[in-house]
Amino acid sequence: MASRPVDFLLVGLGNPGSEYTTTRHNAGFLFIDYLANVMAMDQKWRVPPVLQRRMNLTADVQDVVFSYEKGAVSNSLRIILAKPLTFMNESGVAVKKIMDFYQITDPKRVIVVSDDINTLPGSLAIQDGGDLKSLAGQKGQESIATVLGTTSFIRFRLGVGKPLSGSPTTIPQWILGPFSRDNKEMDLFAYLMSHTTQALLDFVQTNDLKLCRKKFTKSKKIPNNLVPTESLISPVIIEGM
């Protein structure tokens with residue numbers, strides 16, 4: 001596999017440590033674990049999926065070849081799934097190490113998944129390019145843009161919303177707080193992980209971000225009959241700890 005170029009690097013942002021596992025700020029970590037399970041079941045790989053702890057990359061990574069059929073044509077993609085271990089605000093350090101190690105030079109081959117307080121719970125925003133203001137204060141994305149010197153990487157932003165107006169809860173308290181069963185918040189995020197998986201797999205197979213954005217963001221309505229969710233944690237095995 002080493003001789004085959006990487007098609008996409010998928011990076012989920014979050015903070016390492018059990019105290020952060022189910023917090024809103026760890027939406028990217030939760031999504032990568034969910035996606036790894038979906039891909040493993042689809043491809044009939046080992047379940048739970050295995051991520052390697054690569055301290056030289058400061059990240060947990062999985063290097064896979066994902067096969068799919070489009071019409072009568074079979075194809076495959078080499079995809080790196082990654083969860084930086086640097087803490088959110090230093091995510092760019094790990095992303096740069098991973099890109100250098102796997103010889104990824106095009107930032108448009110990098111997809112970053114993170115929480116987004118400016119998007120409603122259950123909703124997905126997809127971005128690329130723009131100036132630093134377009135990152136809307138997401139410190140992990142800002143770190144990546146600063147280290148790479150560009151904002152042209154692709155961002156899948158998972159809506160976690162904000163505290164209600166008049167609430168004493170601050171933004172830092174909100175994003176570092178756990179997803180709640182109140183107001184179906186956990187159900188909404190479980191739906192969003194499934195929806196984002198569809199969007200992301202659609203994009204990597206078509207490489208058409210404009211079409212993906214049209215199909216999965218602006219016109220997409222959240223269903224009324226959300227499936228009740230008991231846990232947002234997807235099982236993964238970390239080897240090399």
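Bear in mind the structure is a predicted one, so any value in this text is a computation, not a measurement. Residues: numbered from 1 along the sequence shown.
Within a 6.0 Å sphere centred on CG of Asn183, other residues, nucleotides and ligands contribute 12 heavy atoms or fewer. Annotation for Gln103: atom CD does not count as buried by contact number, only 12 or fewer foreign heavy atoms lying within 6.0 Å.
Residues satisfying the salt bridge (Lys or Arg N to Asp or Glu O under 4.0 Å) criterion with Lys184, sequence neighbours excluded, are absent altogether. Taking the side-chain hydrogen bond (donor to acceptor under 3.5 Å, both in side chains) definition, one finds that Thr151 meets it with nothing, sequence neighbours left out. For Asp42, there are no salt bridge (Lys or Arg N to Asp or Glu O under 4.0 Å) partners, not counting sequence neighbours. Contacts of Asp202 classified as salt bridge (Lys or Arg N to Asp or Glu O under 4.0 Å), with partners at least two apart in sequence or in another chain: Lys215. For Asp106, the side-chain hydrogen bond (donor to acceptor under 3.5 Å, both in side chains) criterion is met by no residue, not counting sequence neighbours. Every residue meeting the salt bridge (Lys or Arg N to Asp or Glu O under 4.0 Å) condition with Lys96, not counting sequence neighbours, appears here in chain and number order: Asp100.
For residues 224-241, the salt bridge (Lys or Arg N to Asp or Glu O under 4.0 Å) pairs, not counting sequence neighbours, are Arg46-Glu239, Arg181-Glu230. Legend: side-chain hydrogen bond (donor to acceptor under 3.5 Å, both in side chains) pairs involving residues 112-122, not counting sequence neighbours, sorted by first then second residue: His25-Asp115, Ser114-Gln141, Asp115-Gln138, Asp116-Thr119, Asp116-Arg157, Asn118-Lys162. Pairs passing the salt bridge (Lys or Arg N to Asp or Glu O under 4.0 Å) check and including a residue from residues 187-201, sequence neighbours excluded, do not occur.
Proximity of Leu232 to Thr22: side-chain heavy atoms (C-beta onward) are nowhere separated by under 4.5 Å. With contacts defined as side-chain heavy-atom distances shorter than 4.5 Å, the pair Trp45/Val64 qualifies. Proximity of Lys97 to Asn56: side-chain heavy atoms (C-beta onward) are nowhere separated by under 4.5 Å. Contact annotation: the side chain of Tyr20 approaches that of Leu176 to within less than 4.5 Å [non-hydrogen atoms, C-beta and beyond]. Val65 places none of its side-chain heavy atoms less than 4.5 Å from the side chain of Leu77. Residues Leu211 and Phe203 are not in side-chain contact: their nearest non-hydrogen atoms beyond the backbone lie 4.5 Å or more apart. Using a 4.5 Å cut-off on side-chain heavy atoms (C-beta onward), Ile126 and Arg155 make no contact. Side-chain contact between Ile222 and Tyr191 is present, with heavy atoms from C-beta onward closer than 4.5 Å.
Atom SG of Cys212 sits about 11.0 Å away from atom CD of Gln205, to the nearest 0.5 Å. Going from atom CD1 of Ile238 over to atom CG of Leu85 covers 8.5 Å, rounded to the nearest 0.5 Å. Considering CD1 of Ile32 and CE of Met193, their distance stands at 11.5 Å, rounded to 0.5 Å. A distance of 11.0 Å separates CG in Asn15 from CD in Glu90, rounded to the nearest 0.5 Å. The line from CZ of Phe8 to CG of Leu200 is 8.5 Å long, rounded to the nearest 0.5 Å. The distance from atom CG of Leu209 to atom CD of Gln127, rounded to the nearest 0.5 Å, is 10.0 Å.
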Worked verdict on Val113 versus Leu10 for side-chain contact (heavy atoms from CB on, under 4.5 Å): CA-CA 7 Å; Val113 184; Leu10 309 184; 5.8 Å; no
Evaluation steps, side-chain contact (heavy atoms from CB on, under 4.5 Å), between Phe189 and Glu185: CA-CA 6 Å; Phe189 190 72; Glu185 186 186 12; 5.8 Å; no
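Residues Ala145 and Leu135 come closest through the heavy atom pair CB-CD1, 3.7 Å. Residues Ala94 and Pro84 come closest through the heavy atom pair CB-CB, 3.7 Å. Contact detail for Pro49 and Gln62: the closest heavy-atom pair is CB-NE2, 3.9 Å. Residues Phe179 and Leu30 approach most closely at CE1-CD1, 3.8 Å, considering heavy atoms.
Proximity of a side-chain donor or acceptor of Arg53 to a complementary backbone N or O of Thr58 within less than 3.5 Å is not detected. Put simply, the side chain of Ser143 never gets that close to the backbone of Lys139: no donor and acceptor are under 3.5 Å apart. Checked by atom type and distance alone, the side chain of Thr169 never pairs as donor or acceptor with a backbone atom of Gln173 at under 3.5 Å. For Asn26 (side chain) and Phe29 (main-chain N/O), no donor-acceptor pair under 3.5 Å exists by modelled atom type. Asn37 contributes a side-chain N or O that, together with a main-chain N or O of Asp33, makes up a donor-acceptor pair within less than 3.5 Å. Proximity of a side-chain donor or acceptor of Ser180 to a complementary backbone N or O of Asp182 within less than 3.5 Å is detected. A donor-acceptor pair under 3.5 Å is formed between the side chain of Gln43 and the backbone N or O of Ser67. In this structure, the side chain of Ser167 does not engage the main chain of Pro163 through any donor-acceptor pair within 3.5 Å. Checked by atom type and distance alone, the side chain of Asp7 pairs as donor or acceptor with a backbone atom of Arg78 at under 3.5 Å.
Under the 4.5 Å side-chain heavy-atom criterion for grouping Ile, Leu, Val, Met, Phe, Trp and Tyr, Val160 is connected to Ile171 within one hydrophobic cluster. Tracing side-chain contacts under 4.5 Å through hydrophobic residues (I, L, V, M, F, W, Y), one never reaches Ile117 starting from Leu120; they form parts of separate clusters.
Taking the six-membered ring where the residue is Trp, the centroids of Phe156 and Phe31 are separated by 6.0 Å or more.
Residue Val6 belongs to a hydrophobic cluster whose other members are Leu9, Val11, Leu13, Leu57, Val61, Ile80, Met88, Val95, Ile98, Met99, Phe101, Tyr102, Ile104, Val110, Val112, Ile144, Leu148, Phe153, with links defined by side-chain heavy atoms closer than 4.5 Å. Clustering of Ile, Leu, Val, Met, Phe, Trp and Tyr by side-chain heavy atoms under 4.5 Å joins Ile237 with Val50.
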Return a table of donor-acceptor pairs under 3.5 angstrom between the side chains of residues 68-76 and protein atoms on other chains or two or more places apart.
{"unit_1": "Ser76", "atom_1": "OG", "unit_2": "Arg4", "atom_2": "NH1", "d": "2.9"}
{"unit_1": "Ser76", "atom_1": "OG", "unit_2": "Arg4", "atom_2": "NH2", "d": "3.2"}

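Under a 4.0 Å N-O distance rule, the pair Arg54/Asp60 does not qualify as a salt bridge. Ionic pairing of Asp128 and Arg213 is present here: one or more N-O contacts between side-chain nitrogen and carboxylate oxygen are shorter than 4.0 angstrom.
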